[in-house]
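The structure appears right after this line, and notes come after that.
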Protein chains: 2
Amino acid sequence: MKIITYNVNGLRSALSKGLLDWVREADPDVLCLQEIKAGREPLDVSEFEALGYRAYLHPAHKPGYSGVAIFSKQPPKAVVVGCGTECYDLEGRVLRLDFEDFSVLNTYMPSGTSGDERQAFKLEWLRFFREYVRTLRATLPGLVIGGDFNCCQRDIDLHNAKTNQNSPGFTPAERAWFADFLADGFTDAFRHHHGDASGHYSWWTFRSGARARNVGWRLDHLLVDAGLQPRIKAAGHMTDAVHSDHCPVFVELVI
Amino acid sequence: MKIITYNVNGLRSALSKGLLDWVREADPDVLCLQEIKAGREPLDVSEFEALGYRAYLHPAHKPGYSGVAIFSKQPPKAVVVGCGTECYDLEGRVLRLDFEDFSVLNTYMPSGTSGDERQAFKLEWLRFFREYVRTLRATLPGLVIGGDFNCCQRDIDLHNAKTNQNSPGFTPAERAWFADFLADGFTDAFRHHHGDASGHYSWWTFRSGARARNVGWRLDHLLVDAGLQPRIKAAGHMTDAVHSDHCPVFVELVI
DNA sequence: CCTCATATG
DNA sequence: CATAAGAGG
């Protein structure tokens, strides 16, 4: 069971750069995409379907903004679009597929980089999301959360921790939130598999050749319910895929 | 004395397509540009200056919209920016250089293609402009008007006159205006030199390969005071220049 | 430094 | 079918 999460920075743009060939090659069972940036016209998912995927979309209300999607080879027993809270659902940030033995929750968490107001919104979201997931876990024992968290937790998760102690995505509040979230009973698949390895990032700014110099952040995560931890077979970053300012992140579970 | 008028559809875009090399080659004495689409930052004209031109700009108030410029090898004895009527000058539609024996008035006339309101604005403009030029001629005997008129006059001035009898740029009102304007004492340099030749256009829509099929309109004109008519040595379209959806139009005067 | 929507042509 | 600004990242 290979699950991939990928912030594509515009699905149409990523498709124009060969995303589909990459999907065929990578062959995930479940593919979680963020920032699909769907426009006013519905996205054409027929080429994903031709590869054997069912498509589930949760675009934002605002055209060209945010939005998540899941492509799955197996049909889920349930699809849950959104989280039931309007201010988040208007921004297309949550989509969940429930399978027989596990669930995949795809999320695109707010970025706080555009100003104080959005950073405050992000912090509210983080609080909300932790509670929301706590509730879900009561009835969904095998939860896998994949997405662009727009946060990282430890100094080894970004290139320049010292100068970013108060940058959105690495503020003390966000680091604490991340630790608490994991303590609720989740395993960071990447860390589980790679220990304290540094220099592994999933996002690089487009500016000044940051990706070529590997000046990045690890913002995209696959967190698995601690009960699934023994089933983690592999996890990592797929840095060869270049359709976005993020790279795909994968986990293989024995399910 | 070679005068060229050219709607560049964005000066920065045209420069990125090699406009400057073309200018060096074409070597006009006076170059009238329309739709420079200047942004908030002032345009960098140093490369024109390096070619020996003085630069005169009349950008629109709104960034990225409209705007005209004249580049001249000889220094004018006067520069007149705008026409003194705010609603037109905010859109950067008129710029004039007065030389010893003649004047060059560069104009970008409104397009009416975006709706009735703008077509009405265009018709008001046409009326205003005719009066404005009548006044100018009282004191400027050698007037040359170059620009994108966004109008043509005769069936031979566009590819498909029949189906465009009521299209903006070829409405009865605009055709009549054009005839009246010439009757006031101007010579259309292109027609003077090429008679009733058809199939000579200065604009082609970007859509559906119109330029390759020469499905166009003759919207860009050089009108010279009838008193200068004997001095017209050559006139024509420079269809090899491809930096825009328009092509440059030239006249050579013996002055 | 990117993608996207929108205005305008 | 293009250019360009502007929002958002």
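As a basis for the values below, the full set of heavy atoms in this structure was taken, side chains included, without hydrogen atoms, waters or symmetry mates.
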Q. Would a line drawn from the ring center of F121(B) to the ring center of Y88(B) be shorter than 6.0 Å?
A.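 Under 6.0 Å, so yes.
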Q: Under 4.0 Å between any heavy atoms, over every strand shown, what does D245(B) touch: base, sugar-phosphate, or nothing? Just pick one.
A: nothing
Q.
Once you apply a heavy-atom cut-off of 4.0 Å, does S114(B) come out as touching a base, just sugar-phosphate, or nothing?
A.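 Answer is sugar-phosphate: S114(B) comes under 4.0 Å of backbone atoms only.
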Q | Which atom of T107(A) lies closest to which atom of Q34(A), heavy atoms considered | A |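 For T107(A) versus Q34(A), the nearest heavy atoms are O-CG, 3.6 Å.
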Q) What closest approach, in Å, do C152(B) and W217(B) show between heavy atoms, and which atom pair accounts for it? A) SG-CE3, 3.7 Å
Nearest-angstrom distance from the residue atom [atom1] of [X] to [atom2] of [N]:
X: Y6(B); N: dT3(D); atom1: OH; atom2: P; value: 12 Å
X: Q119(A); N: dG9(D); atom1: CD; atom2: P; value: 12 Å
X: N150(B); N: dG9(C); atom1: CG; atom2: P; value: 9 Å
X: D220(B); N: dG9(C); atom1: CG; atom2: P; value: 15 Å
X: L43(B); N: dT3(D); atom1: CG; atom2: C1'; value: 13 Å
X: K17(B); N: dC1(D); atom1: NZ; atom2: C1'; value: 11 Å
X: F121(B); N: dA7(C); atom1: CZ; atom2: C1'; value: 16 Å
X: L19(B); N: dT3(D); atom1: CG; atom2: P; value: 14 Å

Could you please name the option among [options] that lies closest to any side-chain atom of [X]?
X: S13(A); options: dT3(D), dC4(C), dG9(C); value: dC4(C)
X: K62(A); options: dA7(D), dG6(D), dG9(C); value: dA7(D)
X: R118(B); options: dA4(D), dC1(C), dG9(C); value: dG9(C)
X: K37(A); options: dC4(C), dC1(D), dG9(D); value: dC4(C)
X: S111(A); options: dT3(C), dG9(D), dG9(C); value: dG9(D)
X: R93(B); options: dG9(C), dT3(C), dC1(C); value: dG9(C)

**Q.** With R218(B) via salt bridge (charged side-chain N to carboxylate O under 4.0 Å, His left out) - residues at least two apart
**A.** D157(B), D188(B)
Q) Y65(B) side chain N/O closer than 4.0 Å to the phosphate oxygens (OP1, OP2) of dA4(D)? A) no
Q. Taking only N and O in the side chain of R40(B), is any of them less than 4.0 Å away from OP1 or OP2 of dG6(D)?
A. yes
Q. Would D155(B) and F170(B) count as a side-chain contact (heavy atoms from CB on, under 4.5 Å) if you check the C-alpha gap in whole Å, the side-chain angles of each, and the deciding distance to 0.1 Å?
A. CA-CA 9 Å; D155(B) 286 6; F170(B) 199 58; 3.4 Å; yes
(Q) Which is more 5' along DNA chain C, the nucleotide nearest F206(A) or the one nearest R12(A)? Just name the residue. (A)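 The residue closer to the strand's 5' end, by nearest nucleotide, is F206(A).
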Q. Y108(B) or N9(A): which one's nearest nucleotide on DNA chain C is closer to the 5' end?
A.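 The 5'-side residue here is N9(A).
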